[in-house]
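Written below as structure tokens is the structure these notes are about.
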Amino acid sequence: MSQAGTLKLASFNINGIKARLPRLLEWLEETRPQVACLQEIKTQDEGFPAEAFEKIGYKAIWHGQKGFNGVAILADGEQPVEVQRGLEGDPDDAHSRYLEADVFGVRVVCIYLPNGNPQPGPKFDYKLRWMERLRTRMDAIWAEEVPALVLGDYNVIPHDRDIWDKRAMADDALMQPASRDAYARLLGDGWTDAIGLHHPRGGIWTFWDYQAGAWPRDHGFRIDHALLSPELADRLVESGVDKAYRGREKASDHAPVWVRLRA
DNA sequence: ATGGCTGGAGGATCCAGA
């Protein structure tokens with residue numbers, strides 16, 4: 001699926017890299033993004049299957065954790081050069097949710113933003129604080145004036161048009177005004193939501209719950225996003241969601257999202 | 001649905017997810 005003169009970067013919350021490895025390799029080989037950001041790898045560093053990716057041409061960096069969370073950045077034929085792992089601003093935060101690298105001439109940030117449920121409560125407070133820490137880091141990247149994009153699972157439903165039924169999640173951390181405001185501040189700073197830009201009427205989902213027949217009923221919402229710096233927004237050609245992968249055997253509950261840029 | 005699945009850890013159920 002590679003296209004001459006373009007750079008395709010994707011994000012996929014895979015919900016367990018060990019359970020998902022065959023599906024993940026299949027997706028990489030079939031869609032061949034030059035860069036793939038992964039979330040919820042749910043493994044410690046030593047359990048990361050780097051060899052399986054090397055066999056199909058991808059080099060990787062990863063930040064794992066026992067049992068849950070964990071992020072990774074894969075690149076086709078090029079080693080991502082790590083810039084930072086973890087977000088500053090909270091020395092007690094041991095979650096593996098942030099990984100930043102330079103690859104193919106762009107700054108790639110892979111995030112797994114906290115879910116924040118139940119709200120209100122300490123988990124929601126952690127989510128909102130994490131979003132402010134992210135904003136601080138994105139400000140610093142902005143000041144570097146490098147072409148940059150922040151890909152991942154933001155755990156924020158930006159607008160009512162980004163969910164099949166706003167009533168279904170009205171009390172959920174993913175669509176509280178405070179969550180949405182924190183996300184909107186990133187866009188207000190000048191970052192471009194690529195998928196939102198290309199689908200202004202909404203109706204595009206990236207997550208469908210395993211429960212209650214959400215997938216067959218198309219009861220989904222959009223929480224995986226790609227935010228682009230101005231230079232990369234100018235180079236944006238197209239974006240999309242690989243929805244069909246949600247319907248395969250042993251699928252993640254998320255579908256991959258991607259952007260294609262002029263190289 | 002106050003959780004109907006799912007993955008991981010651990011070795012029975014619990015936590016976490018969204």
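Below, chain A is the first sequence line, B the second, and so on; all start at residue 1. The model shown is predicted, which means the values in this text are computed figures rather than measured ones.
For residues 159-178 of chain A, the ring pair (Phe, Tyr, Trp, His ring centres under 6.0 Å) pairs, not counting sequence neighbours, are A:Trp164-A:His219.
Distances shorter than 4.0 Å separate none of the side-chain N or O atoms of A:Asn115 from OP1 or OP2 on B:dG17. Between A:His254 and the phosphate of B:dA18, there is a side-chain N or O to OP1/OP2 separation shorter than 4.0 Å. Taking 4.0 angstrom as the limit, A:Tyr112 places a side-chain polar atom (N or O) nearer than this to OP1 or OP2 of B:dA18.
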I'd like a list of close polar pairs between nucleotides 4-11 of chain B and the protein, N/O only, cut-off under 3.5 Å.
| residue | atom | partner | partner atom | Å |
| --- | --- | --- | --- | --- |
| B:dG7 | OP1 | A:Arg20 | NH1 | 3.4 |
| B:dG7 | OP1 | A:Lys250 | NZ | 3.2 |
| B:dG10 | OP1 | A:Lys66 | NZ | 3.4 |

Tabulate protein N/O versus nucleotide N/O from nucleotides 13-15 of chain B, keeping only pairs under 3.5 Å, one per line.
none

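Applying the salt bridge (Lys or Arg N to Asp or Glu O under 4.0 Å) test to A:Glu88 and every residue at least two apart in sequence or in another chain returns nothing. With sequence neighbours excluded, the residues that form a side chain to side chain contact (heavy atoms under 4.5 Å, CB included) with A:His199 are A:Ile195, A:Ile204. Under the rule for a ring pair (Phe, Tyr, Trp, His ring centres under 6.0 Å), the partners of A:Phe207 that lie at least two apart in sequence or sit in another chain are A:Phe221, A:His254. Considering only residues two or more places apart in sequence or on other chains, A:Lys123 meets the salt bridge (Lys or Arg N to Asp or Glu O under 4.0 Å) condition with none of them. Residues meeting the salt bridge (Lys or Arg N to Asp or Glu O under 4.0 Å) test with A:Glu26, sequence neighbours left out: A:Arg23, A:Arg248.
Between A:Lys8 and A:Asp76, none of the side-chain N atoms (NZ, or NE/NH1/NH2) sits under 4.0 Å from a carboxylate O, so this pair counts as no salt bridge. Taking the charged nitrogens against the carboxylate oxygens, A:Arg180 and A:Asp160 do have a contact shorter than 4.0 Å, which makes a salt bridge.
The distance between atom CH2 of A:Trp164 and atom P of B:dA18, rounded to the nearest whole Å, is 14 Å. Atom CZ in A:Arg222 sits about 16 Å away from atom C1' in B:dA18, given to the nearest Å. Between the CZ atom of A:Phe221 and the P atom of B:dG17 there is a distance of 14 Å, given to the nearest Å. The distance between atom CZ of A:Phe207 and atom C1' of B:dA16, rounded to the nearest whole Å, is 12 Å. If you measure from atom CD of A:Gln39 to atom C1' of B:dA18, you get 14 Å, rounded to the nearest angstrom. Distance A:Asp172 CG to B:dT2 P: 11 Å, rounded to the nearest Å. Distance A:His225 NE2 to B:dA18 P: 12 Å, rounded to the nearest Å. For the pair A:Asp153 CG and B:dA18 C1', the computed distance is 9 Å after rounding to whole Å.
Spacing between B:dG17 and B:dA1 at atom P, rounded to whole Å, works out to 22 Å. Separation of the P atoms belonging to B:dC15 and B:dG4 is 15 Å when rounded to the nearest angstrom. Atom P of B:dT2 sits at a distance of 30 Å from the matching atom of B:dA12, rounded to the whole Å. The P atoms of B:dG10 and B:dA16 are separated by 14 Å, rounded to the nearest whole Å.
Nucleic acid contact class of A:Asn13 (heavy atoms, under 4.0 Å, all strands): sugar-phosphate only. Counting any heavy atom pair closer than 4.0 Å across all strands shown, A:Asn69 reaches no nucleic acid atom. Within 4.0 Å (heavy atoms only), A:Arg97 reaches sugar-phosphate atoms of the nucleic acid but no base atom.
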Donor-acceptor pairs are to be reported for all side-chain atoms of residues 44-53 of chain A against protein atoms at under 3.5 Å, with residues two or more places apart or in another chain.
| residue | atom | partner | partner atom | Å |
| --- | --- | --- | --- | --- |
| A:Asp45 | OD1 | A:Gly64 | N | 2.6 |

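Ring-centre distance between A:His63 and A:Tyr98: not below the 6.0 Å cut-off.
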